[in-house]
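What follows is a single structure, written as structure tokens, with notes after it.
Proteins come first, then strands; the chains are lettered A, B, ... in the order of their sequence lines, and each starts at number 1. Every heavy atom of this structure was used, including side-chain atoms; hydrogens, water molecules and symmetry mates were not.
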Protein chains: 2
Amino acid sequence: MEQRRADNIAEALEEHIFSGSFQDGDRLDEVRLAEQFGVSRTPLREAFQRLALSGLVELVPRRGAFVRQPGPIELMEMFEVMAELEAVCGRLAAMRISEEALDDLRDANAKCQKAVDARDTDGYYTENERFHKTIYRQSGNRFLEQEAAKLHKRLKPFRRQQLKFRGRMAQSMAEHEAIVDALATGKPEESANALRNHVAVQGEKFHNLMASLKSKAE
Amino acid sequence: MEQRRADNIAEALEEHIFSGSFQDGDRLDEVRLAEQFGVSRTPLREAFQRLALSGLVELVPRRGAFVRQPGPIELMEMFEVMAELEAVCGRLAAMRISEEALDDLRDANAKCQKAVDARDTDGYYTENERFHKTIYRQSGNRFLEQEAAKLHKRLKPFRRQQLKFRGRMAQSMAEHEAIVDALATGKPEESANALRNHVAVQGEKFHNLMASLKSKAE
DNA sequence: TTCGAATTTTTTGTATACAAGATTGTTGAC
DNA sequence: GTCAACAATCTTGTATACAAAAAATTCGAA
């Protein structure tokens with residue numbers, strides 16, 4: 001990990017936090033990280049400021065930067081907001097979506113199905129992402145699209161975990177079909193509800209996962 | 001404007017951008033600003049990183065920092081998202097709100113009314129903010145609360161402008177009453193719709209304002 | 001004059017230096 | 001042995017220095 005530019009450092013640190021290399025509460029040592037990245041403290045500190053605003057890191061004055069991993073409650077809250085944002089995207093998209101975008105959604109779904117058959121979790125995830133981002137875009141509201149994509153990215157590592165739940169991929173597929181139907185027939189409320197439930201169930205699955213981990217720990 | 005700490009610099013710059021001291025596209029001169037703030041370039045550049053992430057400033061590599069004022073379209077989009085976020089807060093709050101918080105809302109409304117009678121725009125705005133933030137809080141979702149507050153703050157300068165529309169304060173008051181009623185009787189969808197329309201109308205008023213400014217310019 | 005290449009001047013990005021606050025370790029009193 | 005006060009060490013926050021890129025300017029040719 002040598003000689004990276006300041007622009008990339010924030011991203012690299014973000015990766016590390018997402019991947020779980022850093023635990024919640026860990027202090028990010030400026031000099032140690034500067035050595036690892038092969039840069040001085042200056043660009044590192046600039047990266048910290050960015051991470052602080054997106055909530056991945058807490059900057060305590062005169063104390064340093066500490067990583068902030070969201071706890072179970074915060075994660076549930078984030079999934080709830082994600083569900084609502086997707087619902088809004090769906091409601092708006094139902095009125096504004098193009099035929100071309102509908103074809104994109106069907107294509108993504110077909111490739112998702114293939115991935116399910118091949119037990120290809122990574123492939124499924126890639127196409128699933130394309131599916132959702134297409135809907136964000138078709139809301140016709142660029143600001144909404146960006147906010148949705150931002151939260152989607154933030155939740156990525158946690159959604160990925162719960163995709164491994166037994167039968168979840170197949171169920172998710174069926175929900176995708178229903179979503180496309182609602183969008184294709186231009187039904188705003190139906191689209192919104194289908195998307196809200198689709199995402200909310202991820203939050204619930206995650207809740208179950210948490211509960212099972214907790215009971216194992218006891 | 002001398003001897004400020006790095007923590008405050010971002011906030012100070014934000015104020016300047018919000019207040020319109022900086023035009024869209026203006027370059028933020030590091031040395032000039034450093035002089036004005038009485039600090040070196042280092043803390044200033046750290047502030048830029050923060051502003052960049054919240055979208056107030058665009059950081060072009062090797063070129064500098066440029067202020068990004070949202071245009072009419074982006075503003076409409078932001079108002080649309082704000083309306084939806086408030087609607088969600090209302091829907092959740094209708095199920096979770098406490099008696100104490102309902103009293104807070106009624107109190108804020110009463111003070112709002114006084115401000116309307118006294119033609120006190122600033123006073124109205126202060127209580128109006130308390131009203132809305134109480135609802136965010138009562139959604140019971142801290143993450144949602146923070147996101148709503150963030151966007152609320154961002155839209156503050158633009159909402160303020162359109163509050164001066166003839167009769168808008170009185171109309172807004174009536175809407176507030178309806179919102180409290182819906183929340184007090186625990187009706188989620190009614191609360192959501194009342195809040196969505198309340199905020200959406202602000203977006204429309206803003207649209208009118210833009211249109212009138214444009215026609216004057218031509 | 002006008003255009004363009006070369007040179008000078010700015011300006012950014014990063015490293016280093018240094019002062020002030022925070023942390024840790026040590027010593028001594030009880 | 002415990003605790004507190006002091007000292008030494010480490011860390012952060014900021015200023016300054018310097019290299020490299022971008023912008024401005026100069027100068028010469030058509």
Side-chain donor-acceptor pairs under 3.5 Å in residues 63-71 of chain B, sequence neighbours left out?
from	atom 1	to	atom 2	distance (Å)
B/Q69	NE2	B/I17	O	2.9
B/Q69	NE2	B/F22	O	3.2

Using atom names, set out every protein N or O paired with an N or O of nucleotides 23-25 of chain C below 3.5 Å, distance rounded to 0.1 Å.
from	atom 1	to	atom 2	distance (Å)
C/dT23	OP1	A/R63	NE	2.4
C/dT23	OP1	A/R63	NH1	3.4
C/dT23	OP1	A/R63	NH2	2.7

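- No salt bridge links B/R32 with B/E35; every basic N to acidic carboxylate O contact stays at or beyond 4.0 Å.
- Counting only residues at least two apart or on different chains, the side chain to side chain donor-acceptor pair (under 3.5 Å) pairs with a member in residues 100-109 of chain A are A/D103-A/R106, A/D107-A/K111, A/D107-A/R130, A/N109-A/H176.
- Salt-bridge formation is detected for the pair B/K150/B/E147: a Lys NZ or Arg NE/NH1/NH2 atom is positioned less than 4.0 Å from an Asp or Glu carboxylate oxygen.
- Per the geometry, CZ belonging to B/R45 stands 10 Å off C1' belonging to C/dT11, to the nearest Å.
- For B/D26, the side-chain hydrogen bond (donor to acceptor under 3.5 Å, both in side chains) criterion is met by no residue, not counting sequence neighbours.
- Atom C1' of nucleotide C/dG13 and atom CG of B/L44 are separated by 15 Å, given to the nearest angstrom.
- Here the C1' atom of nucleotide D/dA15 and the CZ atom of B/F37 are 17 Å apart, to the nearest Å.
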List every contact pair, protein side and nucleotides 16-18 of chain C side both N or O, where the distance is under 3.5 Å.
from	atom 1	to	atom 2	distance (Å)
C/dT16	O4	A/T42	OG1	3.3

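- The existence of a salt bridge linking A/E46 and A/R50 is excluded, since no basic side-chain nitrogen approaches an acidic carboxylate oxygen closer than 4.0 Å.
- Salt-bridge check for B/R154 with B/E14: failed, with every basic side-chain N at 4.0 Å or more from each acidic carboxylate O.
- Taking only side-chain atoms of A/V39, from C-beta outward, the nucleotide of D/dT14, C/dA15, C/dG13 with the closest atom is C/dA15.
- The distance from atom CZ of B/R50 to atom P of D/dG13 is 11 Å, rounded to the nearest whole Å.
- No salt bridge links B/E77 with A/R142; every basic N to acidic carboxylate O contact stays at or beyond 4.0 Å.
- Here the P atom of nucleotide D/dT12 and the CZ atom of A/F48 are 8 Å apart, to the nearest Å.
- Contacts between residues 22-34 of chain A and DNA chain D, defined by a heavy-atom separation below 4.0 Å, involve A/R27, A/E30, listed by number.
- A salt bridge is defined here as a Lys NZ or Arg NE, NH1 or NH2 lying under 4.0 Å from an Asp or Glu carboxylate O, and A/K114 with A/E127 fails to meet this definition.
- Side-chain contact, B/E86 with B/H132: a donor N or O sits under 3.5 Å from an acceptor N or O.
- Between the CG atom of B/N8 and the P atom of D/dG13 there is a distance of 13 Å, rounded to whole Å.
- Across the protein-nucleic acid pair, B/F66 atom CZ and D/dA22 atom P stand 12 Å apart, rounded to whole Å.
- Under the 4.5 Å side-chain criterion, counting only non-hydrogen atoms from C-beta, B/L155 is in contact with B/L75.
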